[in-house]
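Below, chain A is the first sequence line, B the second, and so on; all start at residue 1.
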Amino acid sequence: MFSRRWRFGFDRFAEVDLFTERHETSAETLSQAIRAAASEEPDADGSVLFGHLRGTVVGLRYYTGVVNQGEMVGLVRQPQNPYDRNAVMVANVYGNQVGHIKKELAAAMAYVMDNNLAKVEGVVHSGTKNTFTMPVNLSFWGKEENKNTVMESMARRGYKLNTGVGIQAGAYQTSSSGPGARGFPSKKGLTIPLTAEELKNAFDNLFEGLIESQDGEKEAAEAVSTPLLPHQKQALSWMCARENKSALPPFWEKRGELYYNSLTCFSAKEIPERVRGGILADDMGLGKTLTTISLILTNFHNGKPLPVVTCEKQFSPMKAKTQMSSRLEGSSSAGMSDTAGDSLCSEGAQVEVTPDVVEIADEPEKSTSKGKKAVKRKPSKEASVLFEDLDFAAALSGSTSDTTSKKKKTANVTQLHAGVKSSIAENTDDLSARTTLIICPLSVLSNWLDQFEQHVHSNVKLNVYLYYGSERNRSKKFLSSQDVVITTYNVLSSEFGNKSPLHGINWLRVVLDEGHVVRNPNAQMSKAVLDLKAQRRWILSGTPIQNSVKDLWMLLAFLRLKPFDVREWWNRVIQRPAMHGERAGMQNLQTLVKCITLRRTKTSEVNGRPLVSLPDKKVYVEQVELSQSEREEYERIHKEGKNIIKRYVAEGTVLRNYADVLAILMRLRQLCCHPDLVAKILSDLGAAATPAELRERLIEKLRLVLASGSDEECSVCLDSVRLPVITHCAHVYCRPCIAQVISTEQERARCPLCRSEIKTSELVEFPQEELEEESSTKSERWRTSSKVQALMGNLLRLRCEDSSIKCLVVSQFTRFLTILETPLREHGFSFVRLDGSMNQKQRTQVIQEFQSSAADSPVIMLLSLKAGGVGLNLTAASRVFLMDPAWNPATEEQCIDRCHRLGQKKKVVVTKFIVKGSVEENMVKIQRKKQDLVEKAFGSTNADRKTSRIDDIRALMELC
DNA sequence: ACCGCCGGGTGCC
DNA sequence: ACCGCCGGGTGCC
């Protein structure tokens, strides 16, 4: 412990006891102190190397921290040191103090460090066996603008920083096996930095192509009622192994008697603390929730199932607590006979423990000696006795015992700094820990409850407590007696620092659902998450990397992947090298991630067979003939538009007038669906207009195109535009895409399409889902269209054949959905509608209604093409009608996947309506071309894109 | 620390 | 000798 260290020096000085006491009460271990300091660790981004210095570490004999040759050390300011306010402490990777920086140098460094002028990093190359002092190579890193100040201030005190790319080069290791290539491109050209593109690809691929689990499969405990799919059994097996096996964490190897970390060069006598847990990063829909529930029930202690009480009579598996029923109205979990179930069980008459779960490891695995004592207790028939045994076992194991730690203190044992909390509560199995804490976003809370109900045998009494709502039970004793406690990130972070019971419990397991939501390490939520005490930690996420390597730190820190849970080591060994495009850094990152992550995608295979086999999917195109009057109007507008575009093509101004072109195309596409969709106000770009007016009108046209719901393409990412912004020159891009263009080209930034100057200040935001005025359509009399007729014909036929089949009717144009409501109502179809204008609550409501299998549940969902994220689950439908083609075939695919996904029982039939002899047909051709390009996976140049766009337009308008 | 520094013991060769 | 020299005690910040 921190204060113990000081004792050696302080005992002689009565007055410093005050100081000692202060630290005693806060009882911080050094590693915790460093971790706390690490939250203020400057971001490694954009810092440059100022230079190196050879310094001296003194006072080695007073501390137990050891270092190996080439090992990195941490330099921590100690402004409270009573002997020298300038003191700089030296600690090894594990946070064990090694010594101090010699005082003269410390004085110089203190100024630089305290004013945040530079971050000083140390590496020890020699003298690690010395008794009294050892040399240390210091490197100074910081912002370019601080360089001179730092150099001068060091020089003033007689320390000249060596700026040459010298032999020592500040790297902590120069051998090729290690990360010695860190820092700066070596002159020998050993490291060729990755290009920005390669770097991005590396990030994107970080979670791809991970080796599939070699652990085989594991059956879930009997209490799990749902049979697991093969890949879920695999995941369960992997998760159990990660919790039980003591495989060395990444980069650790055994060298003789010692354990050695090849990245940090740290070695230890003890087996390094393993990461019990990891990241389950399976794709959406592969059953992460079910797998986690299985883990909870299957792997209690020492690989044995959770001891659960079963009742002979059937009742709701969950003890639905008051909050659960009151909070989640509409959730099916709250109902039924839970009160009856409670009383049944509490009376105890029918209480019985299933034989196979009583035995808590009669054959203990090779666990710690302390663990053995605990598990050798006899199996019991009584659940209550069993728990007492466990408590007793915990006492034996000494997890809370004071005597153990006192012994350690006096014996001056090496590992004191690893921290009492972590070394004891986590190294040895604290068999009294029972509860799994699940933290999730509010939006999936009810899903967890439903899934527990759905997948746990109805005669098993699993105590699941929803820690949510103002009436929640904050008793630590109560919470830690539960099997599962579920709460939200918001509740967790609001309790943090406020004598939070959640932080006072030693959890058996903490599960972060949608773990990627925790990203910013400075956020209260992150701190709250990191501060939880648990033996095992899991992160569930369908999208583990959202932006960059930076986000990963939070995940690894949560998992306590030593030593990278301390930001400094993470920055030095992983993040900075990776950001600088060093292959070694990226590779190390990849290795780390691989070791702790299981990720399968829908396309992954198990033993050569697809992970999940979905029912068939058939896609049909149904050609629609326009009526004579529709055709006449279409041809009239087509001719007009063709002439305008022809002129643009001749003038070479297609791209400059792109918004107008889009508007013309839009009008034609709308005509194919329904004549009333065409906006009446689309004024012509009159010849009399000034350039400024012209631009205004172009932008206005683009707004209308976007507002109608059309799925436009961003020319930077070539994908559907996300968070659209409109440039001054009336082109639309994803905000992040254009922001990147502007930041890379700086002042000279130009529109990728027309090369006009673009400025951030001139970008026009466009709200994602703008509400449309529907007044115009309502005032007029409703009329039909050929496409409406085509759809209704299909729907009526289907109702005769099989009235139980549910349909998705999809359009990009929300106003078209509105038009469709009239005939649906007329024919007595019960339907719901889901579009972008709806809030979260409305969406959930509608989805729930539609997904319901009740007899009177809606048969049709009117769905706007882009509504809802990838997570939108509409498996109740097995028939899809795509009313109009999208530019981007992938968008249509995603939409279809909302019903053609895990959980779909029927074969899926998709009908695409395409108007014969119209832009729609041409769009389909272009879609195919795009698909080909995607499949060829090429990188086209900007010029290619521009010409191909013009080609597209010509093809669409049949100008060729 | 196989050093440097401090301070007491000592004092030609 | 108000010195030099010797040798023991001692030692981070």
Side-chain angles (χ1 to χ4, degrees), chain A residues 1-24 26-34 36-38 53-69 71-140 150 153-154 156-159 409-417 568:
Chain A
M1 222 186 280
F2 210 16
S3 50
R4 296 293 155 193
R5 300 278 133 196
W6 295 107
R7 266 289 152 72
F8 290 92
F10 291 164
D11 282 346
R12 278 172 265 153
F13 303 89
E15 72 272 18
V16 292
D17 267 9
L18 243 181
F19 175 76
T20 317
E21 285 312 311
R22 210 174 53 204
H23 277 256
E24 192 111 77
S26 67
E28 283 207 314
T29 64
L30 189 54
S31 53
Q32 279 173 317
I34 293 174
L53 199 62
R54 174 166 277 239
T56 311
V57 187
V58 297
L60 300 187
R61 64 164 154 157
Y62 299 98
Y63 308 100
T64 54
V66 289
V67 275
N68 289 305
Q69 290 227 337
E71 187 176 327
M72 325 182 289
V73 290
L75 303 165
V76 184
R77 277 280 291 118
Q78 275 182 337
Q80 301 296 326
N81 189 304
Y83 299 96
D84 183 358
R85 290 181 299 106
N86 294 324
V88 176
M89 183 196 78
V90 179
N92 69 15
V93 176
Y94 264 22
N96 297 337
Q97 181 164 5
V98 176
H100 280 106
I101 292 291
K102 210 168 157 44
K103 67 173 177 292
E104 295 78 11
L105 177 54
M109 281 166 63
Y111 175 79
V112 166
M113 291 170 84
D114 292 348
N115 291 296
N116 275 326
L117 297 171
K119 171 101 189 83
V120 191
E121 299 181 353
V123 181
V124 175
H125 287 290
S126 61
T128 51
K129 299 273 194 294
N130 294 3
T131 327
F132 304 101
T133 65
M134 64 169 85
V136 58
N137 287 327
L138 304 171
S139 39
F140 290 65
V150 170
S153 117
M154 293 303 290
R156 249 200 316 278
R157 289 163 188 271
Y159 295 98
K409 283 165 201 163
T410 44
N412 200 11
V413 177
T414 359
Q415 269 295 311
L416 268 181
H417 275 318
E568 172 166 4

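Rounding to whole angstrom units, CG of residue A:Asp84 and C1' of C:dC12 are separated by 10 Å. Taking atom CZ of residue A:Arg61 and atom P of nucleotide C:dC13, one finds them 12 Å apart after rounding to whole Å. A straight line from OH of A:Tyr62 to C1' of C:dC13 spans 10 Å, rounded to a whole angstrom. Nucleotide C:dC13 holds its C1' atom 5 Å from the NE2 atom of A:His100, rounded to whole Å. Summarising the geometry, the separation between CG on A:Leu60 and P on C:dC13 is reported as 11 Å, rounded to the nearest angstrom. To the nearest angstrom, P of C:dC12 lies 13 Å from CD of A:Gln97. Between the CZ atom of A:Arg77 and the P atom of C:dC13 there is a distance of 14 Å, rounded to whole Å.
Within the shown strands, nothing qualifies as a pairing partner of B:dA1 under the Watson-Crick or G-U definition with both distances less than 3.5 Å. The pairing partner recorded for C:dC12 is none, the criterion being a Watson-Crick or G-U wobble arrangement whose two distances lie under 3.5 angstrom.
Within residues 101-111 of chain A, the residues approached by DNA chain C to less than 4.0 Å at the level of any non-hydrogen atom are A:Ile101, A:Lys102, A:Lys103, in residue-number order.
Looking at residues two or more places apart in sequence or on another chain, you find no side-chain hydrogen bond (donor to acceptor under 3.5 Å, both in side chains) involving A:Asn86. When the side chain to side chain contact (heavy atoms under 4.5 Å, CB included) test is applied to A:Arg157, the partners found at least two apart in sequence or on another chain are A:Ala107, A:Ala108, A:Tyr159. Looking at residues two or more places apart in sequence or on another chain, you find a salt bridge (charged side-chain N to carboxylate O under 4.0 Å, His left out) between A:Asp114 and A:Arg77.
Screening residues 82-101 of chain A for salt bridge (charged side-chain N to carboxylate O under 4.0 Å, His left out) gives no qualifying pairs among residues at least two apart or on separate chains. Sorted pairs that involve residues 86-95 of chain A and meet salt bridge (charged side-chain N to carboxylate O under 4.0 Å, His left out), not counting sequence neighbours, are lacking altogether.
For A:Tyr83, counting side-chain heavy atoms from C-beta on, the closest listed nucleotide (C:dC13, C:dC12, B:dA1) is C:dC13.
Nearest heavy-atom pair across A:Val73 and A:Asn92 is CG1-CA, 4.5 Å. Residues A:Val90 and A:Leu75 approach most closely at CG2-CD2, 3.8 Å, considering heavy atoms.
C:dC6 sits 15 Å from C:dA1 when the C1' atoms are compared, rounded to a whole Å.
Under the stacking definition used here (centres under 5.5 Å, planes under 30°), the residue A:Phe132 fails to qualify as stacked on the base of C:dG11.
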